[in-house]
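What follows is a set of notes on a single structure, which appears directly below.
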Amino acid sequence: TAALGGPHDVAIDPSSDFHIVEDSAQRSFRVESDGDLFTTAGSGTGGFVGDGGSALSARLFFPRGIAFKMPSMAPSPAPPAPPSRGIYVSDQGNHVIRFANLGTNPVTFFAGTPEEIVVAPGNIDRIAGPAPGTTGLLDGGARTLARFRFPEKLAVDPSGNLYVADRRNGAIRLINMQSTPISFGGQTINPGEVRRIVTGLSSVVTGVGLDSGGNVFIADTFRHRVVRADAVTGATTVVLAPTGLDGYGGDGLAATDAAVRLSVPADVAFHPTTGDMYVADAGNHRIRRVAAGADGLVTGAADEIVSTFAGAGAAGYSGDQGAATDAQLNFPRGVEFDALGRLYVADTSNGRIRRISGPNVLPGMEGIPIDVIPGVRVTVINGSITGGGHMLASASILGPPAPLGLNLGPPARRVFYDLTRTFTVSAGTEFLIEINYDNQFAGVLTEGQEATLRLRRYLNLDPVITEDVTILPVDTVNN
């Protein structure tokens, strides 16, 4: 596990790697699915240098937001990372937005327009904002003339357009990353143009997210609420904590009930299949959830109920491998989902990225029988498992009862099930098998050792969360 200072944001790419920015380190990082961490931008020295050159040699100044170039909600199983992948970084202290090309091919923006820019593999360049250190509020015209004031979180829509939470301007800015005009809320935005699409917010706005309909949701930080901006009309609606009073309360009530409270909300994300909204309720050291209404959207309707998804409320660090609502968080500032519906949290003041598996069952998947029994012993009988804490692999079970061994695919992994009871599944059902091993096995789990097994059931590649299976030490297993 790598030591982090204060990660402020997290983004997921289609290869299941995740990306973080850490302002104290003046860098962005990529964490691969095996736990390895790599610097993707920034030399570690604060400042501004490097546009048009190596991303690793560039200087950033307190980066606070990150977004992957492509939509993060890729189909499952995710396809290989494309050669054109890259990250946007809000270089907050320099008041600019930058792009680092992490792929193997050049990336072209605004092709065929006066704003065209080509970023070579491994390089970084400025997408929007004037000379570094120039701050203000200016829309329209060339992208490098637009002015920001401490830009923070970022969001990318399916077409690749970029949304910026312009922190100290109290606004959401939209950057048209296409080669043709686009529209939002009745405004026409030209290629490379930066335009305010949401105003009338508090003096500090830190988070922005998009639902499946392209509507924009804002963590209106100093008014302790979440606001929705309609993609078609541009109209704004408070969808969570309408009074704007600092505090904690309202679980079990409609999200727009006057009793609902947030404290310094910092970011917003949406579950990829349910449409539920999740909010980093930073001042309460919690993650709050708003269930989507009957239409599958969050619009401020009466059937959209708020609850606490993670965090016990007291600042601290505890709770790994336990219930999310019993865990302690410490000023979480960033949230993002992967394609499997797992929530990644930038637990900023703990210097960690936390991952939370959700309880949601997809429509139409109820009733598929499965009985997973705690106390099952799972032993590696072929090869070894290496990495920083977990391994993901796919396996097919053709029908009941479960076979004694499963080939988990390349790289070859095989596990043995010694079951005191059996579990049954429908023929053709597929599983994702995730092996989380305890600290005593950290680093390498070799032949004959045991691990913790978690099963998630699949049908037609759609995930459904099932129970955890706790693997006990050998001397406590009832054979």
Working to the nearest 0.5 Å, report the span between [atom1] of [X] and [atom2] of [Y].
X: His8; Y: Ile20; atom1: NE2; atom2: CD1; answer: 11.5 Å
X: Asn176; Y: Arg195; atom1: CG; atom2: CZ; answer: 10.0 Å
X: Ile197; Y: Ile172; atom1: CD1; atom2: CD1; answer: 7.0 Å
X: Leu201; Y: Arg167; atom1: CG; atom2: CZ; answer: 13.5 Å
X: Ser212; Y: Leu297; atom1: OG; atom2: CG; answer: 5.0 Å
X: Asp91; Y: Arg59; atom1: CG; atom2: CZ; answer: 12.5 Å

CA sep, side-chain torsions, deciding dist, call: Ile287, Thr308, side-chain contact (heavy atoms from CB on, under 4.5 Å): CA-CA 6 Å; Ile287 307 300; Thr308 294; over 6 Å; no
Do [X] and [Y] have side-chain heavy atoms sitting under 4.5 Å apart?
X: Leu240; Y: Leu262; answer: yes
X: Val194; Y: Phe148; answer: yes
X: Phe109; Y: Ile127; answer: yes
X: Thr40; Y: Ile87; answer: yes
X: Arg126; Y: Asn94; answer: no
X: Phe61; Y: Gln92; answer: no
X: Phe18; Y: Ile353; answer: yes
X: Val164; Y: Val208; answer: no

Salt-bridge contact [X]-[Y] (side-chain N to carboxylate O under 4.0 Å):
X: Arg289; Y: Asp281; value: no
X: Arg168; Y: Asp166; value: no
X: Arg288; Y: Asp251; value: yes
X: Lys153; Y: Asp9; value: no
X: Arg30; Y: Asp17; value: yes
X: Asp23; Y: Arg64; value: yes
X: Arg354; Y: Asp320; value: yes

Looking at Gly136, is its backbone amide N or carbonyl O close enough to the side chain of Asn169 to form a donor-acceptor pair, meaning the two atoms are under 3.5 Å apart? yes
Go through Asn330 and Tyr317 one step at a time and tell me if the side-chain contact (heavy atoms from CB on, under 4.5 Å) criterion holds. CA-CA 7 Å; Asn330 197 344; Tyr317 178 75; over 6 Å; no
Suppose we screen for side-chain contact (heavy atoms from CB on, under 4.5 Å). Which residues come up paired with Arg223, at least two apart in sequence or across chains? Ser202, Asp220, Arg225
Just jot down the ring pair (Phe, Tyr, Trp, His ring centres under 6.0 Å) partners of His95, sequence neighbours excluded, or say none. Phe150
Think Arg286 forms a cation-pi with Tyr248, using NZ or CZ under 6.0 Å from the six-ring centre and within 45 degrees of its axis? yes
Both conditions, 6.0 Å and 45 degrees, for the charged tip of Arg173 above the ring of Tyr163: are they met here?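 Judged by the rule, Arg173 and Tyr163 form no cation-pi pair.
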Parallel, tilted or perpendicular, judged at 30° and 60°: which one describes the rings of Tyr278 and Phe309? perpendicular
Holding to salt bridge (charged side-chain N to carboxylate O under 4.0 Å, His left out), I want the full list of residues that pass it with Arg333, two or more places apart in sequence or in another chain.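 Expected list: none.
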Determine whether the aromatic ring centres of [X] and [Y] lie less than 6.0 Å apart.
X: Phe337; Y: Tyr344; value: no
X: Phe217; Y: Phe270; value: yes
X: Phe29; Y: His19; value: no

Ignoring hydrogens, what is the shortest heavy-atom contact between [X] and [Y]? Give both atom names and the distance.
X: Val226; Y: Val279; value: CG2-CG2, 3.9 Å
X: Asp125; Y: Val119; value: CB-CG2, 4.0 Å
X: Ala282; Y: Ala266; value: CB-CB, 4.2 Å
X: Ala67; Y: Val156; value: CB-CG2, 3.7 Å
X: Ala128; Y: Ile175; value: CB-CD1, 3.8 Å
X: Gly214; Y: Ala231; value: O-CB, 3.5 Å

Going through the distances and angles, do Thr299 and Thr237 end up as a side-chain contact (heavy atoms from CB on, under 4.5 Å)? CA-CA 8 Å; Thr299 61; Thr237 307; over 6 Å; no
Using distance alone, with no hydrogens and no angle criterion, decide if Thr221 and Thr206 have a side-chain donor and acceptor under 3.5 Å apart. yes
Under 3.5 Å, is there a donor-acceptor pair linking the side chains of Ser159 and Gln178?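 Gln178 and Ser159 do not have a side-chain donor-acceptor pair below 3.5 Å.
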Is Phe331 atom CZ crowded by more than 12 heavy atoms from other residues, nucleotides or ligands, each under 6.0 Å away? yes
